[in-house]
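Numbers here are sequence positions counted from 1.
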Amino acid sequence: FNNKMACGVNFIKSKLIFVALILFVLISLNFVGAADNNTINNAPLENNQITGNIGNFTDLDGEISEMPVGGNLTLTKDYAYSSNDSDYKQGILIANDNIVIDGDGHTINGANQARIFNITANNVTLKNIKFVNGYSNDNGGAIFAIHNLNMLDGHFENNNANASGGAVYIDNAFSNCRINSTFINNSAYNGGAIYFNGAITNNTINGYFENNTAERGAGAIYVKGKSS
């Protein structure tokens with residue numbers, strides 16, 4: 001009788017161990033599948049990879065060029081530089097003063113091949129836009145601006161410039177403007193996140209800066225002129 005009981009107990013233990021092993025394998029497979037689904041593809045976007053509700057730089061330029069002076073534009077989708085956008089390597093031109101572009105949380109991706117905006121207008125406001133993977137072989141990886149510029153609730157990440165201003169380069173004196181944005185992992189020779197090429201006066205700069213780097217000077221903000 002005792003031998004029979006022992007055999008029964010051992011049989012039950014074997015079944016429990018077998019069931020536990022099956023559950024472990026299933027959980028492991030689900031974990032691997034979830035990890036695969038969260039993999040980020042950092043490869044440059046080609047034109048045939050832009051699908052769904054994503055536009056290219058040509059599309060975005062068409063929308064911006066139609067804006068009047070003092071106009072407003074709200075983005076309704078993401079945009080990414082593609083192989084058909086070679087005319088925009090120096091950035092999409094913004095030439096009309098006093099315009100407001102609200103990204104509504106959407107992303108503009110330079111695909112590590114192009115600057116995103118080349119701003120010659122004055123008093124432009126950019127808000128709620130994510131600028132990622134912008135690149136310039138000169139100044140301003142994501143944005144090159146000549147005049148005053150407001151950047152509100154923006155997000156600048158993984159932008160790079162070979163010269164100055166990994167994310168943003170302001171070419172002239174800068175005054176009475178607001179910068180309230182996040183800057184992460186941007187890089188340049190000078191001014192890993194922002195480079196001011198002139199004096200800055202009476203501005204509100206309230207940003208979050210993390211892991212921005214400069215080969216020569218100022219990982220976050222470089223000011224060439226006076227600051228007050």
Answer yes or no: is there a side-chain heavy-atom contact under 4.5 Å between [X] and [Y]?
| X | Y | value |
| --- | --- | --- |
| D78 | T107 | yes |
| F156 | M151 | yes |
| L149 | T125 | no |
| F196 | Y169 | no |

Here the gap from N186 atom CG to N212 atom CG, rounded to the nearest 0.5 Å, amounts to 5.0 Å
What's the spacing between K89 NZ and N137 CG if we round to 0.5 Å?
9.0 Å
Under 3.5 Å, which donor-acceptor pairs link side chains of residues 93-104 to any protein atom two or more places apart or in another chain?
{"residue": "N96", "atom": "ND2", "partner": "M67", "partner atom": "O", "Å": "2.6"}
{"residue": "D97", "atom": "OD1", "partner": "N122", "partner atom": "N", "Å": "2.7"}
{"residue": "N98", "atom": "OD1", "partner": "N123", "partner atom": "ND2", "Å": "2.9"}
{"residue": "D102", "atom": "OD1", "partner": "D104", "partner atom": "N", "Å": "2.9"}
{"residue": "D102", "atom": "OD1", "partner": "N128", "partner atom": "ND2", "Å": "3.1"}

Residues which pass side-chain hydrogen bond (donor to acceptor under 3.5 Å, both in side chains) with D138, listed by chain and number, not counting sequence neighbours
none
Qualifying residues under side chain to side chain contact (heavy atoms under 4.5 Å, CB included), relative to [X], sequence neighbours excluded:
| X | answer |
| --- | --- |
| A220 | F209 |
| A114 | F57, Y81 |
| T182 | H155, I184, Y208 |
| N190 | S164, Y195, R216, Y222 |

In terms of side-chain heavy atoms, does Y79 have a donor or acceptor partner in E63 at a distance below 3.5 Å?
yes
Less than 3.5 Å apart, any donor N or O on the side chain of D85 or S82 sitting next to an acceptor on the other?
yes
Taking side-chain hydrogen bond (donor to acceptor under 3.5 Å, both in side chains) as the criterion, tell me which of N159, T213, N162, N160 meets it with S187.
N160
Can you tell me if N150 uses its side chain to pair, donor with acceptor, with the backbone of R178 under 3.5 Å?
yes
